[in-house]
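Notes follow the structure.
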4 protein chains.
Amino acid sequence: MSHIRSRFNKPPSEAMIGYTLSLPFDHRLYRYDIDGSIAHAKMLAKQNIIPLEDAEAICRGLEDVAAEIENRKFTFRTELEDIHMAIEARLFEIIGEVAGRLHTARSRNDQVALDLRLFVKDAVAETIAGISKLQLSLVDLAEGNKDVIMPGYTHLQPAQPVLFAHHLLAYFEMFQRDAERLNDVLKRADVMPLGSGSLTGVAYNIDREFVASELGFSQVSRNSMDAVSDRDFVIEYLAAASVCMMHLSRLAEEIILWASAEFGFIELDDAYTTGSSLMPQKKNPDAAELCRGKTGRIYGHMMAMLTTMKGLPLSYNRDLQEDKEGLFDAVDTLLSSLCVFYGMIGSLKVNKKNMERAAMRGYMLATDIADYLVARGETFRSAHGITAKLTRYATDKDKPLDQLSLDEYRKFSSLFDDDIFKVTAASSIAARNVTGGTSPQQVAKAIARAREIVGKTE
Amino acid sequence: MSHIRSRFNKPPSEAMIGYTLSLPFDHRLYRYDIDGSIAHAKMLAKQNIIPLEDAEAICRGLEDVAAEIENRKFTFRTELEDIHMAIEARLFEIIGEVAGRLHTARSRNDQVALDLRLFVKDAVAETIAGISKLQLSLVDLAEGNKDVIMPGYTHLQPAQPVLFAHHLLAYFEMFQRDAERLNDVLKRADVMPLGSGSLTGVAYNIDREFVASELGFSQVSRNSMDAVSDRDFVIEYLAAASVCMMHLSRLAEEIILWASAEFGFIELDDAYTTGSSLMPQKKNPDAAELCRGKTGRIYGHMMAMLTTMKGLPLSYNRDLQEDKEGLFDAVDTLLSSLCVFYGMIGSLKVNKKNMERAAMRGYMLATDIADYLVARGETFRSAHGITAKLTRYATDKDKPLDQLSLDEYRKFSSLFDDDIFKVTAASSIAARNVTGGTSPQQVAKAIARAREIVGKTE
Amino acid sequence: MSHIRSRFNKPPSEAMIGYTLSLPFDHRLYRYDIDGSIAHAKMLAKQNIIPLEDAEAICRGLEDVAAEIENRKFTFRTELEDIHMAIEARLFEIIGEVAGRLHTARSRNDQVALDLRLFVKDAVAETIAGISKLQLSLVDLAEGNKDVIMPGYTHLQPAQPVLFAHHLLAYFEMFQRDAERLNDVLKRADVMPLGSGSLTGVAYNIDREFVASELGFSQVSRNSMDAVSDRDFVIEYLAAASVCMMHLSRLAEEIILWASAEFGFIELDDAYTTGSSLMPQKKNPDAAELCRGKTGRIYGHMMAMLTTMKGLPLSYNRDLQEDKEGLFDAVDTLLSSLCVFYGMIGSLKVNKKNMERAAMRGYMLATDIADYLVARGETFRSAHGITAKLTRYATDKDKPLDQLSLDEYRKFSSLFDDDIFKVTAASSIAARNVTGGTSPQQVAKAIARAREIVGKTE
Amino acid sequence: MSHIRSRFNKPPSEAMIGYTLSLPFDHRLYRYDIDGSIAHAKMLAKQNIIPLEDAEAICRGLEDVAAEIENRKFTFRTELEDIHMAIEARLFEIIGEVAGRLHTARSRNDQVALDLRLFVKDAVAETIAGISKLQLSLVDLAEGNKDVIMPGYTHLQPAQPVLFAHHLLAYFEMFQRDAERLNDVLKRADVMPLGSGSLTGVAYNIDREFVASELGFSQVSRNSMDAVSDRDFVIEYLAAASVCMMHLSRLAEEIILWASAEFGFIELDDAYTTGSSLMPQKKNPDAAELCRGKTGRIYGHMMAMLTTMKGLPLSYNRDLQEDKEGLFDAVDTLLSSLCVFYGMIGSLKVNKKNMERAAMRGYMLATDIADYLVARGETFRSAHGITAKLTRYATDKDKPLDQLSLDEYRKFSSLFDDDIFKVTAASSIAARNVTGGTSPQQVAKAIARAREIVGKTE
């Protein structure tokens, strides 16, 4: 016997009720719905479409409903199906028949589009704020460890020494693009759809710009049929969230690697790990793992919305009700991921010694030795060939490069001199003194610029 | 001011608690968890790993917990993080320290794998049952309208006449494949993982086959590291659900088209539509639209799980916690979609007249006229050429083919005779008397076979 | 015996060669690679990093290579693996050892990032140009049929009459957002990565701004590790392309519906259909169907790139080689879809009569009748109730609303007067005279505005 | 000026030709098309639908066409659009008008369905064979290193010692499931669709079972409308390929980790890496990285096909032409990935010393110490508490557990005795002697079982 409740025990028409119901998730739009209705009522009065006193009664009634919801005194009756009906029904109870005037020159189709746009505008703002916090924690960590050298990897193989701060700032750049992308999403979310009616516009002398201005929109929609069936702004948010989550997944992967016994570069604060009482040194990087795992969830929500919209004829179709749950979950997931990473980055300890020991390993200075020869007149290609032979020789002898004698160096080129021993991880890093390079000077500039950018956001 | 609750108002370590919490969704695994623990405790006693009376106390205690949950007397304390801890903690309260023996030779990693496998096994069974119900409603509708002729479409253009029943049975075949696919999913879900420990197996003389048999599994897992990190069975369910939902989306699209004013082939029961009080004839096919829209959701959940699993090293990683929410929602969505379609198909009215009028239109019998000539000795290619000229002539004259005179027919081939007027939609359909064809005889066979298949499932 | 060539007949190391090879697809980046190398060589000379005459020899040599490729005299040797090696090897053959100086202060990692950014910048420009063409064809079709009335649909049920031009302009708005979105993609693609070296920046006194300016970039990248591992701009293009393709899929769906026998609203030009010689009236809307089908392909490419990037540690990893094939195919698919739709829209015939007949059907003026009563003082809610009863009455009598007598109207409200018969599809449309509404006046404005927008793009 | 060729330079109707063309990719179906036609022609003769000598001429002609294609003497003329037309046109050239009889009782719709099913059947067989090869290389590597101990990880943190062979065999299990899954795909691909005509079946006395038997199908399709519009088998292959590729991505991730300087567990053969001439020790694991990256591509192709099929009405729609390119690429990518991994696994060197050193680290024996106490009578929970205190004590003293004195052990429990020092990584592994556990005995059994399974496949 299955423990999953069978849908077929009741008449399917009852299953249908649950199938169409949106109140269990769209109730969180209540404040947007009420704000939108208040702006609409004010406009109707201003345009003499409804009497001023009716509009005032409606606005007061709506604020009463809002208060009830906020104080948890509101009963969400599922037979009312969605948050719009639930609020309207309660408004009738509170102010009586005059509530019937609110729906003048408006339809459910433009109303839900409005509410969702208000939500996305807030979501964008909150996400940018969260990104900014995380960026700040990265900058703080970078500045607090600005002299720490670590191996720079390509193919997860040590390639060249790099400042840990420089590595962290790579993520600053990624998140900065995310913030800019979200600002672009905003441009297309920031369009006021009310006045589009069911699909053709309304037959009243309304003032759409007034409503837009009341609600903080910078423009009104330009085609009523598009306005009631457009969910591009939802997909755009989800696409931007997907890229941001992808960036978090990359940082998560690195944190998991750095916190491993084999790397040993960082130690995470207990708050962001689960331990094993049996193995006190085992600190599982759960926050990073969960975030990496939740990347799939955001990608999935975007793919869901794109699939839902594929091939839909105009104008409004009930398929569009699927625009909310995935979006809400994506916003919640991304905001909490940003917050958790902010805390995790802000509290982790850097094992400077381990990082620097790793940065000394191998032949990571080979590029610098080739550059040394180029600086002394060798062509790049030939300098490259000489260095290759030299490192091959050192590998065969199983010696690090800095343990070779000058005589050994000179076997490969007479251009080598005493100062070859000044080629070190530190000198290698210092030499990358170009915009975007890892030299301490450039990294200091980058930190300053980063602080300025984050400062503007806050 | 945003209406979205900012995560950054509290210390991020508090956000972390909510981030890792699974109790809000994994509580629905409670019965599987308890069943698994009971089987485990029995085995421990049987193998003399724990005393029999302790095992009996544990089993009684677990049934008490189950009863508390079923009677809604159980307090889900979120500080206990997941359903396994919640149940274990309550067991300690009820039976005292002896509860501590339950966890012998078991770890959280094999325990959660077990619970999820039990859930998927149930989900597969319920889904197959739901599919079978829907298949039955399709067969009933087909049989109840077994003489109704409609246009068969390619490219959404009328191509050849076809029995409505034959069209419906195409969906029977799709859903039959879905059921078979789910049976295949079952094979790989039906593997008992307990005994894998955290990752290496356990150091006790356990009897895994006994546990498997107690819980109704047909085999035990073969590698402990695989067993704790395998979620293939989740992806497989989601893939099968995606294809089934895709089939539903195709049926949904057709129902929407058939219910449109332009097609007018069917009328949906009020329970599956929303009406407009202003426009009484407007019955919006909401159930079909929602189902079509929800297709994206299922696809998204599958993509999410595949993304989560990509590139994960062995063995257990916390990323795997993401295996539940999407799965649960997919199961719920698919089961309710099947149930709603079952009701919708079972209650719709067929507008026989409109279907048949549409089936008379155009030149849908051209193929049959070519076949007529082939039967009288013409080669296929030449018969095809003659018919093309004939239909072109009829089009130019703006006459349907059955309004041409025999003389006109004979202008194109002397093989035409009086019996050409016996070529009708009905004769066309009757002629497709091959396995899988639309002839009444074949369709009757197909209905009988379908009933037999569904009968076996029930 | 399988007809699929087995990979296992040869040593797997040979399979490996094909596995890593990118020349078969990255050859199309040749011009970007050469442009980038020329700018780099010029900069090296300007900065006295290499001699001027060497730089000049390099630039001339590169132009020779370009000419060979354009004139199909270039041999793509697959042992050279990628287009960068293929060009460099040929440069050595043409100008000798001096070619070895070109790679100074550059690595493969920043070079491939540069080439791909140049490609995406071009792709964005071409896509916007293609969108603009399609928009123009929509505006032309709208203007050429500006008086044509059709049913406006919600839930694919006729809801209110609407101008065909208004319906078309909804797509203009969608494509306008696509163009704006692509402009935003450009901002983040328009960043010059050269100078980032393998991952840490280069140890030469280079002038990155000069290179940026030579190649038409507006800024240089800010972090070398980010610059060599960032593919956000690829994902962003794919996301914008996915939304644009989704819009095309919606238009495709409508064209398929409109061209069906049941709707009969349009006739497609033969160039965009396949016919059946047997059924001359059957014109299959292949272009629209293929485009609808190809939507999946673009979505898939985006999901592929997001998956590839998930969880990658810094900096360059070979996984990134997967950034090209999907992108190239997406660009080609979108550009050809836009072009085909441009031609299809520009050549289709409108069946005005069928559209208008459909617009008369049913009770699509019910909303206007309610508005009529509101205008005469009835509250909205009560006007709505009266109209509902009226339409129910008409339905029961099986009469269209305009066939009711004034007496019959008056049974439901004494506010009805002779002028109720002036409520027509045309009056309904005219009344929607708000920004974004379907009134002829608004549509004329919208057409004018659309022409202005498209004019600016061209 | 863009380097991307503009589609808008030519009339869009020319772009349309390229848009619909499938010959550039479907040419690889040629052998399946010819095999299918030969079987069809034989059946037509057997049933006296066409003369025997005509069928013989057709079969000979088709083999001539096949020979021309195999010998690269066949001209693929793109104006013929697809491989079916290309072959048919050439057949007419070779054998004349009698070629016209081949199309009797067949349509393009059932013909393309047949060809694709034949391809998928081959693809399944090849994929299973490739999986089997890779499994064999895993078993060989496991057996060749059957005594090597390594850390077993959870959360990428060392958790318990494990045999390297056991870890490898976890992948054997994953790939075994992949093979079984593909066998299930085969069941639904192995259905013969010919005889379904365009959509309704054919009006000839054909023998479908004969055709099925000739072509090696085990059953015939049961509904003609379903048969011409079903692409489930394509999606099923893509879903199975996605899971298999996900498994490969996990193995790839581990290979990349193991080959890193920090882990140092394995050394890859040069054939599967790219080196740096400058840094001879740097061996980039390109094969593993590329495979991990290509995972996205397979996921994308599956998502594409699911998207394409969503919401398509019956029966054949041109959207279905999108069924091939993604499938072909998925088959090629998966087969070459399997082959490359087969070679890579077969040639890698194991650094036994590094693995074992890592396995000694930390407190990985804590679980065994708790088990030691349980075996001496302590309850599990209390044994767990004692061990936790003990390891905490050792951590504070910064001593490994095996460096504590017996006196120190006894501070925590008097149950400890001299034999506590017999608890080692080896004893820990030996103790996991349950089915699926890591004990040498179980691993030897697992290897034997694996060889038997692979033996059966070959």
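In what follows, chains carry the letters A, B, and so on, assigned in the order in which the sequence lines appear, proteins first and then strands, with residues in each chain numbered from 1.
- Of the two parts of B:Leu312, the backbone and the side chain both hold a non-hydrogen atom closer than 4.5 Å to a non-hydrogen atom of chain D.
- Nearest heavy-atom pair, B:Thr200 versus D:Arg432, reported as atom, atom and distance to 0.1 Å: O-CG, 3.1 Å.
- Using a distance-only test at 3.5 Å, with no hydrogens or angles considered, no donor-acceptor pair links the side chain of B:Asp226 to the main chain of D:Tyr171.
- Residues D:Gly311 and B:Ser249 come closest through the heavy atom pair N-OG, 2.8 Å.
- Contact of D:Leu257 with chain B is made through the side chain alone, with heavy-atom distances under 4.5 Å.
- Options B:Gln157, B:Met245, B:Arg318 differ in how many heavy-atom pairs under 4.5 Å they form with chain D, and the most are formed by B:Arg318.
- A side chain to side chain contact (heavy atoms under 4.5 Å, CB included) with B:Asp184 is found for exactly one of D:Lys187, D:Arg181, D:Glu236, namely D:Lys187.
- Comparing D:Tyr299, D:Tyr316, D:Tyr153 by heavy-atom pairs within less than 4.5 Å of chain B, the highest count is held by D:Tyr299.
- Side chains of B:Arg222 and D:Gln176 form no contact here, defined as non-hydrogen atoms less than 4.5 Å apart.
- The two residues B:Asp371 and D:Ala203 come nearest to each other via the heavy atoms OD2-CB, 3.7 Å.
- At least one donor-acceptor pair under 3.5 Å links the side chain of D:Ser224 to the backbone N or O of B:Gly436.
- Only the side chain of B:Thr295 comes within contact range of chain D, with at least one heavy atom under 4.5 Å from a heavy atom of that chain.
- Interface remark: D:Asn183 contributes no atoms to any contact with chain B (heavy atom separation under 4.5 Å).
- No part of D:Ala227 comes within reach of chain B, as not one of its non-hydrogen atoms sits under 4.5 angstrom from that chain.
- Here the CE-NE2 distance, from B:Met225 to D:His166, works out to 6.5 Å after rounding to the nearest 0.5 Å.
- Contacts between B:Pro193 and chain D at a heavy-atom distance below 4.5 Å are absent for every atom of the residue.
- Of the two parts of D:Leu156, the backbone and the side chain both hold a non-hydrogen atom closer than 4.5 Å to a non-hydrogen atom of chain B.
- When each of D:Thr379, D:Asn317, D:Asp232 is checked for heavy-atom pairs under 4.5 Å with chain B, D:Asp232 comes out on top.
- Heavy-atom distances place no part of B:Ala446 under 4.5 Å from chain D, backbone and side chain included.
- Only the side chain of B:Arg188 has a heavy atom closer than 4.5 Å to any heavy atom of chain D.
- Two residues are said to be in side-chain contact when any heavy atoms from C-beta on lie closer than 4.5 Å; D:Met302 and B:Ser242 fail this criterion.
- With hydrogens and angles disregarded, a donor-acceptor distance shorter than 3.5 Å links the side chain of D:Arg208 to the backbone of B:Thr435.
- Checking B:Val374, B:Asn433, B:Val434 one by one against D:Tyr204, the side chain to side chain contact (heavy atoms under 4.5 Å, CB included) holds for a single residue, B:Val374.
- Counting heavy-atom pairs closer than 4.5 Å to chain D, the top residue among B:Leu306, B:Val243, B:Thr154 is B:Leu306.
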Practice item. Take D:Leu199 and B:Val162, measure what side-chain contact (heavy atoms from CB on, under 4.5 Å) needs, and give me the verdict at the end. Key: CA-CA 9 Å; D:Leu199 75 158; B:Val162 69; 5.6 Å; no
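- Listed here is the closest heavy atom pair of B:Ser229 and D:Arg250: O-NH1, 3.1 Å.
- When all heavy atoms of B:Phe380 and D:Gly100 are compared, the pair lying nearest together is CB-O, 3.8 Å.
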Point to revise | Residues B:His384, D:His103; criterion side-chain contact (heavy atoms from CB on, under 4.5 Å); working and verdict | key: CA-CA 11 Å; B:His384 194 275; D:His103 214 56; over 6 Å; no
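- For B:Phe92, the part lying near chain D is the side chain, with the backbone staying farther off; criterion is any non-hydrogen pair under 4.5 Å.
- Taking each heavy atom of B:Lys310 and D:Met246 in turn, the nearest pair found is N-CG, 4.2 Å.
- Of the possible donor and acceptor atoms, one in the side chain of D:Glu254 sits under 3.5 Å from a partner among the backbone N and O of B:Leu314.
- With a 4.5 angstrom heavy-atom cutoff, D:Val220 touches chain B only via side-chain atoms.
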Check your understanding: Hey, mind stepping through D:Arg177 and B:Asp230 against side-chain contact (heavy atoms from CB on, under 4.5 Å) and telling me if it holds?
Key -> CA-CA 11 Å; D:Arg177 281 195 296 279; B:Asp230 167 29; 3.2 Å; yes
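- For D:His247, the part lying under 4.5 angstrom from a heavy atom of chain B is the side chain only.
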